[in-house]
A.B. asks: 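Take a look at the following structure, please.
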Amino acid sequence: MPLLFRKIKELRNHLNTLRCERNFSLGFVPTMGYLHEGHKALIKRSRLQNEVTVVSVYVNPTQFGEGEDYERYPRDLDRDMAVCEELGVDVVLAPTDEEIYPQGSKTEVYVRELSEVLEGKFRPGHFKGVATVVTKLLNAVQPDRAYFGEKDYQQLKIIQRLVRDLLIPVEIVPVETVREPDGLAYSSRNVYLSPEERESALSIYRSFLLAQEMINQGESNSAIIKEEMERFILSHPHVKKIDYIEITDPELNPKESVERGDRILVALWVGSTRLIDNWKVG
Ligand code: AMP
């Protein structure tokens with residue numbers, strides 16, 4: 001089993017002891033737990049590139065808005081520990097809220113502009129919570145490399161920006177989105193979906209294939225592509241609402257004309273579950 005720490009001080013003591021014994025590179029995979037194949041890809045990459053890997057499991061309350069799914073977010077630390085063991089993870093950090101937000105915490109991290117578009121419009125405060133907790137976790141672990149999924153593409157861009165702006169000495173390693181065989185991106189929130197809802201959720205991936213096919217056929221007008229995607233997605237019975245379909249350059253600037261390497265980003269509601277996904281135009 002990996003070593004499990006609840007306290008940052010204990011984690012630091014352990015890592016310091018290891019560092020006295022030998023030199024090693026440290027990889028870090030921050031998660032909210034309920035580990036799936038997407039998380040596993042991040043962990044495997046870290047294991048390949050580093051001698052020691054730390055995984056954190058922490059459902060961060062400050063990145064959930066009022067009325068969101070903080071309380072019902074799936075949690076199973078025993079299962080997560082077993083997954084980490086299977087993958088050869090050295091250390092799991094599962095801190096308490098008090099460890100991350102000591103009494104009277106007043107400091108927050110906010111990445112302007114990038115936090116205000118796309119997800120930021122629909123989940124105000126979300127990226128402030130993310131940026132704050134990731135900064136704290138990076139300070140707690142002090143890894144050489146930290147691994148983030150492209151599944152949460154805007155989050156990845158915000159983290160890259162914050163480590164640059166705050167001079168945090170860590171290499172951010174992006175990892176491609178892992179999908180189920182039928183194309184649905186792995187997400188801890190997929191457990192909320194009924195079989196019928198899951199079928200409707202597949203429309204996201206299929207709309208990316210549709211868009212890619214249009215682009216392959218020579219269509220480059222974003223508005224036309226987005227319209228087709230919307231029409232297709234809304235033809236699925238359990239899709240309640242599309243929050244956005246956006247086409248941007250890799251830095252999240254909206255594009256009117258699509259090129260290879262651009263991103264198509266979607267957020268929508270299937271039943272009472274909100275899902276996000278994105279696609280790199282090939
Ligand atoms: P979460 O536990 O949902 O906060 O995710 C923890 C990390 O895993 C984040 O960097 C996510 O982007 C990444 N991740 C989540 N789902 C996937 C996926 N399907 N493929 C790749 N990375 C993922």
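In each ligand, atom 1 is the first atom listed, and ligand 1 is the first ligand listed. Positions are given from 1, in the same order as the sequence printed here.
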A.B. asks: Suppose I only count heavy atoms of T31 and a 4.0 Å limit; which atoms of ligand 1 are within that range?
C.D. replies: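 Per the distance check, 2 (O), 6 (C).
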A.B. asks: For F148, take its heavy atoms, then give the atoms of ligand 1 lying under 4.0 Å from any of them.
C.D. replies: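 Reading through ligand 1 atom by atom, the close ones are 10 (O).
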A.B. asks: Check K255 with D249, please: is the shortest side-chain N to carboxylate O separation under 4.0 Å?
C.D. replies: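 Salt bridge flag = no for K255 with D249.
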A.B. asks: Are F148 and V109 linked, directly or through other ILVMFWY residues, by side chains that come within less than 4.5 angstrom of each other?
C.D. replies: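 Same hydrophobic cluster.
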A.B. asks: Tell me which protein heavy atom sits closest to atom 1 (P) of ligand 1, plus the residue, atom name and distance to 0.1 Å.
C.D. replies: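 The closest heavy atom on the protein side is H39 NE2, 3.6 Å.
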A.B. asks: Please list the nearest protein heavy atom to atom 10 (O) of ligand 1 with its residue and the distance rounded to 0.1 Å.
C.D. replies: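 Residue, atom and distance for the closest contact: G149 N, 2.9 Å.
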A.B. asks: Regarding atom 15 (C) of ligand 1: of the candidates H36, Q155, R189, which has the closest heavy atom?
C.D. replies: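 Nearest heavy atom to atom 15 (C) of ligand 1 lies in H36.
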A.B. asks: Would you find more than 12 non-hydrogen atoms of other residues, nucleotides or ligands less than 6.0 Å from E51 atom CD?
C.D. replies: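 Enclosed.
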A.B. asks: Atoms of ligand 1 less than 4.0 Å from T177 heavy atoms?
C.D. replies: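 Taking each heavy atom of T177 in turn, ligand 1 has 20 (N), 21 (C) under 4.0 Å.
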A.B. asks: Identify whether NZ of Lys or CZ of Arg in R145 sits under 6.0 Å from the centre of the six-membered ring of F28 and within 45° of that ring's axis.
C.D. replies: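 No - R145 does not lie over the ring of F28 by the 6.0 Å and 45° rule.
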A.B. asks: Heavy-atom contacts with L42 under 4.0 Å: which atoms of ligand 1 show up? List them by number with element.
C.D. replies: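 Per the distance check, 7 (C), 8 (O), 10 (O), 13 (C), 22 (N).
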A.B. asks: Tell me, which protein residue and heavy-atom name are nearest atom 23 (C) of ligand 1, and how many Å apart are they?
C.D. replies: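 For this ligand atom, the closest protein heavy atom is K151 CB, 3.9 Å.
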A.B. asks: Do NZ/NE/NH1/NH2 and the carboxylate oxygens of E150 and R263 come within less than 4.0 Å?
C.D. replies: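 A salt bridge is present here (some side-chain N lies under 4.0 Å from a carboxylate O).
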A.B. asks: Count the heavy atoms of every other residue, nucleotide or ligand shown that sit under 6.0 Å from CG of N23, and state whether that count exceeds 12.
C.D. replies: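 Incorrect, the count does not exceed 12.
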A.B. asks: If you take the nearest heavy atom of each of Y73, Y34, Y186, which one is closest to atom 3 (O) of ligand 1?
C.D. replies: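 When every heavy atom of Y73, Y34, Y186 is considered, Y73 comes closest to atom 3 (O) of ligand 1.
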A.B. asks: Please walk me through it: do Y101 and T62 pass side-chain hydrogen bond (donor to acceptor under 3.5 Å, both in side chains)?
C.D. replies: CA-CA 10 Å; Y101 298 102; T62 66; 2.7 Å; yes
A.B. asks: Suppose we measure from atom 20 (N) of ligand 1 to each protein heavy atom; which comes out shortest, and what is that distance?
C.D. replies: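 Atom 20 (N) of ligand 1 sits closest to the protein heavy atom V178 N, 2.9 Å.
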A.B. asks: Identify the closest protein heavy atom to atom 4 (O) of ligand 1: which residue and atom is it, and at what distance?
C.D. replies: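 The closest one turns out to be M32 CG, 3.5 Å.
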A.B. asks: Could you tell me which atoms of ligand 1, counted from 1 in the order shown, lie closer than 4.0 angstrom to a heavy atom of P30?
C.D. replies: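 The atoms of ligand 1 under 4.0 Å from a heavy atom of P30 are 6 (C), 7 (C).
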A.B. asks: Does NZ or CZ of R79 lie under 6.0 Å from the centre of the six-membered ring of Y34, at an angle within 45° of the ring axis?
C.D. replies: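 Yes, R79 sits over the ring of Y34.
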A.B. asks: Looking only at protein heavy atoms, identify the closest one to atom 12 (O) of ligand 1 and say how far it is in Å.
C.D. replies: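 Of every protein heavy atom, D152 OD2, 2.6 Å lies nearest to atom 12 (O) of ligand 1.
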A.B. asks: Considering only the protein, which heavy-atom contact is closest to atom 18 (C) of ligand 1, and what is its distance?
C.D. replies: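 For atom 18 (C) of ligand 1, the nearest protein heavy atom is G38 CA, 3.6 Å.
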A.B. asks: Can you confirm if the NZ or CZ of R161 lies within 45° of the ring axis of Y110 and under 6.0 Å from the centre of its six-membered ring?
C.D. replies: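 Not satisfied by the 6.0 Å and 45° rule.
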A.B. asks: Which atoms of ligand 1 sit under 4.0 Å from any heavy atom of E176?
C.D. replies: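 Result: 21 (C).
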A.B. asks: Would you kindly check if the NZ (Lys) or CZ (Arg) of R72 is within the cone defined by 45 degrees around the ring axis of Y192 and under 6.0 Å from the six-membered ring centre?
C.D. replies: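 Here R72 passes the 6.0 Å and 45° test against Y192.
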